[in-house]
Every structure is written in C-alpha cells, then in structure tokens.
2 protein chains.
Amino acid sequence: MSRTYTIRELAREFGITSRTLRHYEDEGLISPERRGTQRIYSARDRARVTLILRGRRVGFTLAEIGEILDLYNEEDHGAAQDMHARSKFVQRIAALERQYKDIEESIAELKLGVTRIDNRMTERHEEINPRPQVRVSGFGVLPAAE
Amino acid sequence: MSRTYTIRELAREFGITSRTLRHYEDEGLISPERRGTQRIYSARDRARVTLILRGRRVGFTLAEIGEILDLYNEEDHGAAQDMHARSKFVQRIAALERQYKDIEESIAELKLGVTRIDNRMTERHEEINPRPQVRVSGFGVLPAAE
DNA sequence: TTTCCCGTTTACGTGAACGTCAATGGTTTG
DNA sequence: CAAACCATTGACGTTCACGTAAACGGGAAA
C-alpha cells in the first residue's frame with residue numbers, strides 16, 4: 001500500500017496552494033479519495049499533479065491538460081476517437097516544437113541583454129579604474145536568486 | 001525612407017487583431033506615430049511586435065516584455081538599475097531553460113501518447129488482418145488506477 | 001471545555017489579455 | 001454627395017486561473 005498525502009503536504013511539495021489543488025479537482029483533473037470529508041491524495045494523484053504543473057509551464061490551459069490526461073486513462077474510444085486524439089497530440093507536439101525554437105531565440109536575446117549590461121558596467125568601472133580589457137561574456141554565473 | 005504599416009496590415013501580417021495592437025500601445029509596448037489620428041507603424045514598431053509575440057509564446061506577461069524591451073532602448077540607468085535589470089534577465093534565462101526542459105519532456109510524453117494510440121489502432125487492425133508485431137510494452141506515464 | 005489548527009464548501013473578487021459594442025470621424029468610391 | 005469603409009476613443013464584458021473571505025466542522029492540545 002503506497003503512501004498517501006494530505007492537501008497541505010502535496011501543496012508544499014509542489015509549491016502551490018491548497019486552493020490550487022482544489023481548483024484542479026473542480027476542473028476534473030484529479031479526484032482524490034476522501035476520508036470523511038478530507039481529501040487523501042494517492043501516488044497517482046501526485047503523478048498527475050506533476051504532469052499538470054509541467055503542462056502549465058509549457059503553456060497548456062487546464063482544459064487542454066485535462067484532455068491529455070484523459071487520453072492516458074480511457075480505454076477504448078473506437079477508431080474515430082483515437083484518430084481525433086492522435087491528431088490533437090500531433091498538433092500539440094508541433095506547437096511545442098515551435099515553442100522550443102522560440103525559447104532558444106529568447107534565451108539568446110536575453111543573454112545578449114545581459115552582455116550589454118555587463119559591458120556598460122565594465123565601461124563605468126573603467127572610467128574610474130582603467131584596466132586592460134578582459135570582456136566577460138558572463139552568464140550562468142549567478143545562482144537563480146530566490 | 002523605410003516602409004510603414006497601417007494597423008490593419010500589421011494585424012494581418014502577425015495574425016492578431018487591431019485591438020491587440022492598440023492594447024500593446026496602451027500598455028506602453030509600442031508607440032507608433034500618428035498621421036492625424038491614425039497610427040502609422042514603423043519598421044521598429046514592427047520589430048517590437050515580433051519580440052512581443054515571441055515573448056508571449058514563451059510565457060512572458062506583457063509587463064515583463066515591456067521591461068525587457070525598455071532595457072534594449074534606454075541608455076543609462078546607473079549601476080544600481082543595471083544590476084537590478086541584470087538579475088531579472090538572469091532569472092528569466094533560468095526560467096526559460098527550465099521551460100526548455102519541460103518542453104522536451106512534454107514532447108516525449110505526447111509522442112508516447114501517439115505511440116500508444118498507434119498501437120491500439122494496429123491491434124484493431126490485426127483483429128481483422130493478423131500480423132506478427134513487436135508490441136511496445138504498455139507502461140503508462142501514470143501509475144494505474146486501482 | 002475551550003482554544004487552535006487544519007480542513008471543507010460557497011461564493012464573490014482579481015489581474016491579465018484581450019473581445020465587443022457604441023459613438024464618432026475622415027476618405028474614397030460609385 | 002451619400003454610402004461604404006476603416007480608424008479612433010471610451011468603456012463595459014469575458015475567460016482563465018486562481019485569491020480571498022465567510023461560515024462551518026473535527027480532532028488534538030492546554
């Protein structure tokens with residue numbers, strides 16, 4: 001019998017609020033059991049939350065995430081339903097691959113931005129304390145704050 | 001003299017509405033000139049719209065996009081402002097890199113979904129027209145429902 | 001028992017990103 | 001010159017993903 005979780009535990013583990021978990025339940029994305037009135041989340045619920053949050057981070061709506069989760073659970077829809085599902089999956093994959101490219105480009109541009117700031121700061125420093133040029137392209141040096 | 005665009009032209013080119021372009025202007029992301037009361041968009045405005053839309057696709061809010069755009073244009077903020085800006089950039093880069101990973105994983109999972117559907121359809125076909133086949137083992141992403 | 005601390009439901013509130021009128025005005029086309 | 005368009009400024013409406021308070025219950029600790 002694998003371990004279960006309270007709403008607080010799960011919320012803290014994922015860095016979300018209880019309200020958010022209840023909201024996902026309202027939207028039909030998870031359906032934890034109850035011990036009396038209180039929710040008990042199973043390992044399966046936990047796994048679904050992982051997928052939900054990742055889906056959100058890549059820009060899916062909760063409704064879209066719901067569709068996808070459903071498709072992993074339902075058994076037989078018939079060929080027509082499957083074709084429909086398949087094309088939806090393929091579309092989403094294409095969208096994600098476009099997004100992948102967008103992200104690469106955005107990262108490149110933000111790094112350019114960091115470089116420009118670094119150069120500006122270096123210049124300011126040199127006005128006061130001139131020094132032979134060692135231009136640092138410096139990213140990835142700082143730990144992700146907070 | 002480089003070419004200019006009407007609001008309709010730009011909207012159609014980017015697949016957005018005029019309302020959206022006005023909204024971006026309300027939010028201070030672009031500031032096209034006016035010929036009388038009408039907006040004329042320059043090549044620079046057009047470039048900014050490109051960045052705005054890409055920013056949106058990767059999940060930035062309009063406010064965040066505004067900050068980023070500003071940093072490409074403003075001249076001197078002083079060292080303190082620059083440090084602040086730099087750390088925001090670095091944070092954004094970190095977030096995007098995490099997102100990058102999320103997308104890879106999501107793509108992998110959606111592809112798994114497609115495979116499962118394909119197998120199901122193959123099975124159905126085999127009922128009618130049997131054929132030896134390598135079966136992809138059916139472990140799901142989620143623990144099975146009890 | 002009373003006091004906390006979780007937890008629950010119900011329901012209205014909020015911020016972001018536009019959508020959708022309504023009222024108005026310039027322009028070009030038949 | 002009137003009809004068709006396209007544009008502009010309010011300003012209220014809408015969807016999504018929760019936030020936030022109100023009112024209530026159960027259990028454990030003081």
Side-chain angles (χ1 to χ4, degrees), chain A residues 3-42 45-46 48-70 92 95 99 102 106, chain B residues 4-42 45-46 48-70 88 92 95 99 102 106:
Chain A
R3 98 151 273 216
T4 62
Y5 309 81
T6 72
I7 195 168
R8 263 285 185 266
E9 286 170 348
L10 221 56
R12 260 209 8 255
E13 178 179 349
F14 285 110
I16 59 183
T17 67
S18 304
R19 174 67 175 91
T20 298
L21 285 170
R22 291 195 200 99
H23 181 58
Y24 294 162
E25 188 176 346
D26 288 345
E27 300 294 313
L29 302 183
I30 41 182
S31 37
E33 286 150 44
R34 302 292 181 116
R35 184 176 46 211
T37 168
Q38 290 183 223
R39 293 165 173 83
I40 358 182
Y41 295 85
S42 66
D45 292 320
R46 190 175 163 287
R48 288 175 72 97
V49 172
T50 303
L51 291 180
I52 293 168
L53 296 181
R54 189 164 69 207
R56 271 195 9 182
R57 286 196 298 272
V58 304
F60 288 155
T61 67
L62 294 185
E64 289 168 334
I65 295 169
E67 289 181 40
I68 293 171
L69 287 177
D70 284 351
R92 295 211 190 298
Q99 214 177 322
D102 283 336
S106 296
Chain B
T4 62
Y5 309 81
T6 72
I7 195 167
R8 261 289 185 264
E9 285 170 348
L10 222 54
R12 261 211 6 256
E13 179 179 349
F14 285 109
I16 58 183
T17 67
S18 304
R19 175 67 176 89
T20 298
L21 285 170
R22 291 194 201 100
H23 181 58
Y24 294 162
E25 188 175 345
D26 288 346
E27 300 295 312
L29 302 184
I30 42 181
S31 36
E33 286 149 44
R34 302 291 181 117
R35 184 177 48 210
T37 168
Q38 290 182 222
R39 293 165 173 82
I40 356 181
Y41 295 86
S42 65
D45 292 320
R46 191 175 163 286
R48 288 175 72 97
V49 172
T50 302
L51 291 180
I52 293 168
L53 296 181
R54 190 164 69 206
R56 270 195 10 181
R57 285 194 300 270
V58 303
F60 289 158
T61 67
L62 294 185
E64 289 168 332
I65 294 170
E67 290 180 40
I68 293 171
L69 287 176
D70 285 351
K88 284 201 154 191
R92 250 43 211 99
Q99 214 177 323
D102 284 336
S106 296

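First the proteins, then the strands, lettered A, B, ... as listed; each starts at 1. These numbers come from a predicted model, not from an experiment. In what follows, every heavy atom counts, from backbone to side chain, and hydrogens, waters and symmetry copies are set aside.
- Distance I40(A) CD1 to dG7(C) P: 13 Å, rounded to the nearest Å.
- Distance alone, capped at 3.5 Å, places no donor-acceptor pair between the D70(A) side chain and the E67(A) backbone.
- Close to dG7(C), at under 4.0 Å from its OP1 or OP2, lies a side-chain N or O of T6(A).
- Taking a cutoff of 4.0 Å between a charged side-chain nitrogen and a carboxylate oxygen, E27(A) and R56(A) do not qualify as a salt bridge.
- Look at CD on E9(A): it is 13 Å from C1' on dG7(C), rounded to the nearest Å.
- Note: CG (L21(B)) to C1' (dT9(D)) measures 16 Å, nearest angstrom.
- Within the structure, every side-chain polar atom (N or O) of R22(A) is placed at least 4.0 Å from both OP1 and OP2 of dA17(D).
- Taking atom CZ of R34(A) as the reference point, atom P of dG7(C) lies 13 Å away to the nearest angstrom.
- A salt bridge is defined here as a Lys NZ or Arg NE, NH1 or NH2 lying under 4.0 Å from an Asp or Glu carboxylate O, and R3(A) with E13(A) fails to meet this definition.
- Atoms CZ and CD1, on R92(B) and I68(B) in that order, are 6.5 Å from each other to the nearest 0.5 Å.
- Candidate nucleotides dT8(C), dA7(D), dT8(D) were compared by shortest atom distance to the side chain of R39(B), and dT8(D) ranks first.
- Whole-Å rounding puts the I52(A) CD1 to dA17(D) P distance at 11 Å.
- Residues passing the salt bridge (Lys or Arg N to Asp or Glu O under 4.0 Å) test with R12(A): none are found, sequence neighbours excluded.
- Counting any heavy atom pair closer than 4.0 Å across all strands shown, R35(A) reaches no nucleic acid atom.
- With hydrogens and angles ignored, the 3.5 Å screen pairs no side-chain donor or acceptor of R35(B) with any backbone N or O of I40(B).
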A correct 5'-to-3' footprint of nucleotides 14-25 of chain C, with B, S and - meaning base, sugar-phosphate only and no protein heavy atom under 4.0 Å, is ---BBBB-----
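- Side-chain contact between F14(A) and R46(A) is present, with at least one heavy-atom pair separated by less than 4.5 Å.
- The interatomic distance linking Y5(B) (OH) with dA7(D) (P) rounds to 16 Å, in whole Å.
- Following rounding to the nearest Å, E25(B) (CD) and dA7(D) (P) show an atom-to-atom distance of 14 Å.
- As rounded to whole Å, 9 Å separates atom P of dT10(C) from atom CG of D26(A).
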